[in-house]
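Here is the structure we will look at.
Basis for what follows: all heavy atoms, side chains included, without hydrogens, waters or symmetry-related copies. Computed from a predicted model, the values in this text were never measured in an experiment. Just so you know, ligand 1 is whichever comes first in the structure, and atom 1 is the first atom listed for that ligand.
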Amino acid sequence: MNEVLIAPSILSANFGSLANDVKLIDEAGADWIHLDVMDGHFVPNLTFGPPIIKSIRNISKKPFDAHLMVTNPDDLLEEYVAAGVDMITVHKEVTPHLDRTLTRIRDLGCKAGVSINPGTSLSGLEFLLEKLDLILVMSVNPGFGGQSFINSSIDKITAVKELISSKPIKIQVDGGVNNNIAPQVIKAGANVLVAGSAIFSGSDFKSYQQNIASLRCKI
Ligand code: DX5
Ligand code: ZN
């Protein structure tokens, strides 16, 4: 059985006490820490960048998984690496030289991922499989937490699973994942679940622990 990982998105954390929430979510059982970087340009919302990531890096030893929802990811790759991220995922829609970008991410010592929006095809990824550690299937239109899962994402995940065949590439799903959705996306082939609102609801350690545990029960 394929191991399934849980990556809480700190987009839904309490930014007023972010460091504490990262500590709590780590201790509550997160496998990875998912970092939603938004630039107010590729997506309407704004979040944080390398300095804030650096400031929370030492709080958790879990892998830091940076999801760059930015128009120009190439411009700051070194800064994200210096801030201590372990994985960098860029969006296919805004990365014209994807082969080059993925190569650079790996050359900088990080794992490399590509993310595809609900309306984006997988076309071209078949040529990049050797350079990919992760494919992120967006199951909402990126920009905000707390949106509803888009059902066509299940077929997209199935197509990604077929595309990668037995290659060691993680299939991550992000957006609207909760206890009901988890079994469906796992059945289709997902093995990294990002969840924001479903995990950070309750806003205290006990809730985080229960939320992660009940999601894990569905795996
Ligand atoms: C959306 C982000 C997601 C989001 C997930 O743009 O990439 O990581 O925060 O949040 P939920 O689980 O609330 O949909
Ligand atoms: Zn994300």
What do the steps show when you test Asp74 against Thr101 for side-chain hydrogen bond (donor to acceptor under 3.5 Å, both in side chains), and what is the final call? CA-CA 7 Å; Asp74 294 293; Thr101 302; 2.7 Å; yes

Could you pull out the atom name of the N/O/S atom in Asp174 that is nearest the Zn ion (ligand 2)? OD2

Quick check: does Ser12 get an N/O under 3.5 Å from an N/O on ligand 1? no

Side chain to side chain donor-acceptor pair (under 3.5 Å) partner of Asp133, chosen from Lys170, Lys111, Arg106: Arg106

For Met69, take its heavy atoms, then give the atoms of ligand 1 lying under 4.0 Å from any of them. 6 (O), 7 (O)

Check: Ile6 main-chain N/O paired with Asp31 side-chain donor or acceptor under 3.5 Å: yes

Answer yes or no: is there a donor N or O on one side and an acceptor on the other, between the side chain of Lys92 and the main chain of Ser121, under 3.5 Å? yes

Is the closest side-chain heavy-atom distance between His67 and His91 below 4.5 Å? yes

Which residue owns the protein heavy atom closest to atom 1 (C) of ligand 1, what's the atom, and how far is it? Phe144 O, 3.7 Å

Looking at Pro142, which atoms of ligand 1 are within less than 4.0 Å of one of its heavy atoms? 6 (O)

The atoms of ligand 1 lying under 4.0 Å from a heavy atom of Gly175, numbered in the order shown, are 14 (O)

Atoms in ligand 1 with a heavy atom of Val194 nearer than 4.0 Å: 8 (O)

Which residue from Gly176, Ala195, Ala198 reaches closest to atom 14 (O) of ligand 1 through any of its heavy atoms? Gly176

Atom 12 (O) of ligand 1 has as its nearest protein heavy atom Gly196 N, 2.8 Å

Give the residue, atom name and distance (to 0.1 Å) of the protein heavy atom nearest atom 3 (C) of ligand 1. Asp174 OD1, 2.8 Å

Need the ligand 1 atom indices (1-based, order shown) with element for anything under 4.0 Å from a heavy-atom of His67. 7 (O)

Please check this pair: side chain of Arg216 against backbone of Asn211, looking for a donor-acceptor N/O pair closer than 3.5 Å. no

Look at atom 9 (O) of ligand 1 and say which protein heavy atom is nearest, naming residue and atom and giving the distance to 0.1 Å. Leu11 CD2, 3.0 Å

Hey, looking at atom 6 (O) of ligand 1, which of Ser148, Ser197, Gly145, Gly143 has the closest heavy atom? Gly143

Is there a path from Leu35 to Leu46 through hydrophobic residues (I, L, V, M, F, W, Y) whose side chains come within less than 4.5 Å of each other? no

Taking only non-hydrogen atoms of Gly146 and a 4.0 Å limit, the atoms of ligand 1 in range are 11 (P), 13 (O), 14 (O)

At less than 4.0 angstrom from any non-hydrogen atom of Met38, what atoms of ligand 1 do you find? 6 (O)

Which atoms of ligand 1 are found less than 4.0 Å from any heavy atom of His34? 8 (O)

Are Val37 and Leu77 linked, directly or through intermediate hydrophobic residues, by side-chain heavy-atom contacts shorter than 4.5 Å (ILVMFWY only)? yes

dist Leu11:CG -> Asn45:CG (nearest 0.5 Å) comes out at 6.5 Å

Would a hydrophobic clustering, with Ile, Leu, Val, Met, Phe, Trp and Tyr connected at side-chain separations under 4.5 Å, put Ile157 with Leu5? no

To check your reading of the site, what angle at the Zn ion (ligand 2) do OD1 of Asp36 and ND1 of His67 form, to 10°? 90°

Inter-residue atom distance Ile171.CD1 - Ile186.CD1, 0.5 Å rounding: 12.0 Å

